[in-house]
Colleague: 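Take a look at this one; I'll ask things after.
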Amino acid sequence: MNRRRLLAGFGAVATSGVALGTGAFTSAEADRSVGVTVADDDQAYLALSPTQAANATFVNQDSSANNELSIDINDATGTADNGDGVGPNSVYEFDEVFRIENQGSQEVAVSIGKLADGDFDPTASGLTVQFYPGTDVDSLLYDDPITLGTGTAQVIGLRIETGESAVENFDADAIVRAEAM
């Protein structure tokens, strides 16, 4: 319930008297209904979905959890490769992993990972994990948001830099943030 307090002002008139408005009140409360539909990741106003590119094999979309998108760089789904993760002291760039589409009604600025509360640390556990638009690894979405107009989409890449210390596993939640412009 949203409560609003409206303050009535007093105005001075030429005769130094005080006049009060006839419809003035100091508070009001009204119940209103709000309807919210929670859509699958690929159907939301800010839709997230795998691309058609080769690196989309690292993307999972769980149909039992609203098609929530996740990325697993351990073993590519549906491939016959023998890889099982990234190597130490290396830099990996995975272009065009997933797609973000603005299915809303206004232009938005989109960033990934830059949070006020610090939940996602792109340098946690000796790894640096960052997202970038398409194949432009120099434009990291952590620092430089992209602009998506209504009905437009952008493919997103993933950059992973490992340090000298061996990190066996890294598991974190990154937040995709869109702000109306």
Colleague: List for me each residue that meets side chain to side chain donor-acceptor pair (under 3.5 Å) alongside Gln61, sequence neighbours excluded, and say none if there are none.
Modeller: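 With neighbours one apart ignored, the set is empty.
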
Colleague: Please list, chain by chain and in numerical order, all residues satisfying ring-ring contact (aromatic ring centres under 6.0 Å, His included) with Phe98, sequence neighbours excluded.
Modeller: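 By the ring-ring contact (aromatic ring centres under 6.0 Å, His included) rule, Phe98 matches no residue at all.
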
Colleague: State which residues pass side chain to side chain donor-acceptor pair (under 3.5 Å) with Ser70; sequence neighbours excluded, sorted by chain then number.
Modeller: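 By the side chain to side chain donor-acceptor pair (under 3.5 Å) rule, Ser70 matches no residue at all.
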
Colleague: Is the shortest side-chain heavy-atom distance between Thr51 and Val97 below 4.5 Å?
Modeller: no

Colleague: Through direct or indirect side-chain contacts below 4.5 angstrom among Ile, Leu, Val, Met, Phe, Trp and Tyr, which residues connect to Val137?
Modeller: Tyr132, Leu140

Colleague: Mind checking the CD-CZ spacing from Glu179 to Arg177? Nearest 0.5 Å is all I need.
Modeller: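 Answer rounded to 0.5 Å: 6.0 Å.
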
Colleague: Could you tell me which residues satisfy side-chain contact (heavy atoms from CB on, under 4.5 Å) with Ser90, sequence neighbours excluded, listed by chain and number?
Modeller: Tyr92, Thr162

Colleague: Applying side chain to side chain donor-acceptor pair (under 3.5 Å), can you list everything that pairs with Asp136, at least two apart in sequence or on another chain?
Modeller: Ser139

Colleague: What distance do Ile100 atom CD1 and Leu148 atom CG have between them, rounded to the nearest 0.5 Å?
Modeller: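 One finds 7.0 Å between CD1 of Ile100 and CG of Leu148.
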
Colleague: Taking the side chain as C-beta and beyond, is there a heavy-atom pair between Ile156 and Ile112 under 4.5 Å?
Modeller: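 Yes, at least one pair of side-chain atoms sits under 4.5 Å.
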
Colleague: Answer yes if Ile160 and Val155 sit in the same cluster of Ile, Leu, Val, Met, Phe, Trp and Tyr residues linked by side chain heavy atoms under 4.5 Å apart, and no otherwise.
Modeller: no

Colleague: For Val59, run the side chain to side chain contact (heavy atoms under 4.5 Å, CB included) check against Leu158, Leu69, Leu48, Asp72 and tell me which one passes.
Modeller: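 Looking at Leu158, Leu69, Leu48, Asp72, the match for Val59 under the side chain to side chain contact (heavy atoms under 4.5 Å, CB included) is Leu69.
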
Colleague: Output the distance between atom CD (Glu93) and atom CD (Glu161), rounded to the nearest 0.5 Å.
Modeller: 9.5 Å

Colleague: With sequence neighbours excluded, tell me which residues meet side chain to side chain donor-acceptor pair (under 3.5 Å) with Asn102.
Modeller: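 So Asn102 forms no side chain to side chain donor-acceptor pair (under 3.5 Å) with any residue.
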
Colleague: Who pairs with Ala109 by side-chain contact (heavy atoms from CB on, under 4.5 Å), at least two apart in sequence or on another chain?
Modeller: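 Checked Ala109 against side-chain contact (heavy atoms from CB on, under 4.5 Å); matches are Pro145, Met181.
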
Colleague: Go through the structure and list residues passing salt bridge (charged side-chain N to carboxylate O under 4.0 Å, His left out) with Glu96, not counting sequence neighbours.
Modeller: none

Colleague: Minimum heavy-atom separation for Ala47 to Gln103, with atom names?
Modeller: CB-NE2, 3.5 Å

Colleague: Please round to the nearest 0.5 Å and tell me the distance separating atom CD of Gln106 and atom OG1 of Thr150.
Modeller: 9.5 Å

Colleague: Start with the C-alpha distance between Leu141 and Val110, add both sets of side-chain angles, then the distance that settles side chain to side chain contact (heavy atoms under 4.5 Å, CB included), and finish with yes or no.
Modeller: CA-CA 8 Å; Leu141 295 177; Val110 178; 5.6 Å; no

Colleague: Val91 vs Arg159, test: side chain to side chain contact (heavy atoms under 4.5 Å, CB included). Steps then yes/no.
Modeller: CA-CA 7 Å; Val91 176; Arg159 181 180 188 277; 3.6 Å; yes

Colleague: Do Ile73 and Phe94 have side-chain heavy atoms sitting under 4.5 Å apart?
Modeller: yes

Colleague: Determine whether the aromatic ring centres of Phe131 and Tyr142 lie less than 6.0 Å apart.
Modeller: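 Distance test on ring centres: not under 6.0 Å, no.
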
